[in-house]
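Take a look at the structure below.
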Number of protein chains: 2
Amino acid sequence: MKPFVLIAEDEKAVAELLRYNLEREGYDTTIAPDGDEAMIQLDERVPDLVLLDWMLPKVPGIEVCRRIRSKPETANLPVIMLTARSEEGDRIRGLDTGADDYVTKPFSTTELMARVRAVLRRIRPALVEDKITVGDITVDRTTHTVSRDNRDIHLGPTEFRLLDYFIQHPGRVFSREQLLDGVWGSDVYVEARTVDVHVGRLRKALMSQGGDDPIRTVRSAGYSLKGS
Amino acid sequence: MKPFVLIAEDEKAVAELLRYNLEREGYDTTIAPDGDEAMIQLDERVPDLVLLDWMLPKVPGIEVCRRIRSKPETANLPVIMLTARSEEGDRIRGLDTGADDYVTKPFSTTELMARVRAVLRRIRPALVEDKITVGDITVDRTTHTVSRDNRDIHLGPTEFRLLDYFIQHPGRVFSREQLLDGVWGSDVYVEARTVDVHVGRLRKALMSQGGDDPIRTVRSAGYSLKGS
DNA sequence: CGGCTGCTTGACACATATGTGACACATACT
DNA sequence: AGTATGTGTCACATATGTGTCAAGCAGCCG
């Protein structure tokens, strides 16, 4: 699953530059031109990283950052703050805003990309690493294999992506809509019920060699991978 | 200790391609985007090989090469010169300067890697891995032979390179695009399905004297050599 | 205990990906 | 030129995976 980056930036040219470079490096992106929009998009789908402009219309960047930190599901969400050089002086350097890193405009895109990778690796190594284990389940993206209790399990492409999606945030509950966006892609249209079917198939595969059901159904909310 | 390669190349895309392929074959690398930087890095740590772009900002490649030769501690350092085809007339001068080999851009990465091995083998034989065995399959690059279970197997050039590519990272899944880039060369255009045909031919050859299929098909992802 | 709602699951028609023989063309060697 | 070998592409056969539905099941609440 590609890392998903929210770009909260009102200058269209800057936002598009960021989007271009991020997608070039294999990230999925979305753009929020103001603070309100950023909060809305954060509710819709929690990204893996936020690039946050300091001067953002409606709700300033620092306030967005504060709100991100105050919500449990985004408390650890990596945030990189973008600031103009003139704003450099104050509290920004202290990072007491809760941002994980900051970059001053104008910036070199390669440097920014390096910071993005660095922050992602530090805070969410699962995205950068190619082997993730939760409980007795292991997903290896390099070899495209899944094993439980060291025994290989065959999954179809969609089931593989689904498990890969779940395992990045063990315990977290995903709605059918979130799963459709994240696993199928936000552009395709399929019935929400289809998710149920694939979760069922994933369960069947994961339990084919014994063991408990590793997926939890949360009635009228969605599904989650049982944490370790 | 892994061989250490200095990549002196200003085009980021080319430099990263080289880095990717060299690290893939087990080398440590560093990149210098201009002649000055190259000289600085040469002082910091003497590499085992230098890939040197002919047209390098600040200090041109040929001059860097001359300086390398003039310093006692790097006088015998292997250098491979990278030149654009239009600069081809200069290659004699390049070899005069003391480069050990030259390659014209655009180049096939496998060919370049072969040259890298060849130069290193000539000058630092101990550093080069010429024979790789995974399971019952052995690839010998010096004799260009492949054997399974100690019985020789004849492969065409493309099948040989394909197996050679696979065997560097047993188990790892390569997409058709990766294989096209790595085995055919990033510049040529051939249909992605052609990979399927060659994988089929490779399978047939490897199984011609019995034994299981050593190649795994990963639906909608690519192929991999089954690990040992 | 109904009755409601949401979840599970087998069946199935359809879509998509892969395997492979044939073939025309390219290239190297004699 | 003549032969042998290898290459890329196509068409068709096969294998595998996908989305939808509907019947049945399970939790929840009065």
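All values derive from a computational prediction rather than experimental measurement. The chains referred to below are lettered A, B, ... by the order of the sequence lines, with proteins before strands, and numbering in each begins at 1.
- In this structure, A:Asn150 places its CG atom where only 12 or fewer heavy-atom neighbours from other residues, nucleotides or ligands lie under 6.0 Å away.
- A sub-4.0 Å separation between OP1 or OP2 of C:dG6 and a side-chain N or O of A:Ser220 is absent.
- Distances were taken from every side-chain heavy atom of B:Tyr223 (C-beta onward) to each of C:dT9, C:dT18, C:dT20; the shortest belongs to C:dT18.
- Whole-Å rounding puts the B:Lys204 NZ to D:dT5 P distance at 14 Å.
- A donor-acceptor contact under 3.5 angstrom links the side chains of A:Ser224 and A:Arg216, judged on distance only.
- Between A:Thr217 and the phosphate of C:dT8, there is a side-chain N or O to OP1/OP2 separation shorter than 4.0 Å.
- A donor-acceptor contact closer than 3.5 angstrom links the side chains of B:Arg203 and B:Thr217.
- Look at CG on A:Leu179: it is 15 Å from P on D:dT18, rounded to the nearest Å.
- Ranked by how close their nearest DNA chain D nucleotide is to the 5' end, A:Pro157 and B:Thr158 are led by B:Thr158.
- One atom, CG of A:Asp213, and another, C1' of D:dA26, lie 15 Å apart when rounded to the nearest Å.
- Taking only side-chain nitrogens and oxygens, A:His154 comes nearer than 4.0 Å to OP1 or OP2 of D:dG17.
- Side-chain proximity of B:Arg176 to C:dC7, D:dT20, C:dT18: nearest is C:dT18.
- Here B:Phe160 lies out of heavy-atom contact (under 4.0 Å) with every strand.
- B:Val218 comes within 4.0 angstrom of sugar-phosphate atoms only, judged by non-hydrogen atoms across all strands, and of no base.
- When distances run from any side-chain atom of A:His198 to the nucleotides C:dT9, D:dG8, D:dG19, the shortest one goes to D:dG19.
- At a cut-off of 3.5 angstrom, the base of D:dT20 holds no donor-acceptor pair with the side chain of A:Arg193.
- For B:Arg219 against C:dT18, a side-chain-to-base donor-acceptor contact under 3.5 Å is absent.
- Rounded to a whole Å, the CG atom of B:Asp196 is 16 Å from the P atom of D:dA15.
- B:Val199 comes within contact range of no nucleotide atom at all, as no heavy-atom separation falls under 4.0 Å.
- Using cut-offs of 30° and 60° on the angle between ring planes, the pair A:His198 and A:Trp184 is perpendicular.
- For the 3.5 Å distance criterion, the side chains of A:Asp48 and A:Tyr27 fail to qualify, holding no donor opposite an acceptor.
- Relative to the side chain of A:Val197, the nucleotides D:dG6, D:dT20, C:dT8 differ in distance, and D:dT20 lies closest.
- Using a 4.5 Å heavy-atom threshold, the side chains of B:Leu163 and B:Ile137 count as touching.
- Taking atom CD of B:Glu191 as the reference point, atom P of C:dT20 lies 20 Å away to the nearest angstrom.
- B:Arg203 comes within 4.0 angstrom of the backbone, heavy atoms only, and of no base.
- Distance from the side chain of B:Trp184 is smallest for D:dG8 among the nucleotides C:dG19, D:dG8, D:dG19.
- Mapped onto DNA chain D by nearest heavy atom, B:Leu155 and A:Arg201 fall at different nucleotides, with B:Leu155 at the one closer to the 5' end.
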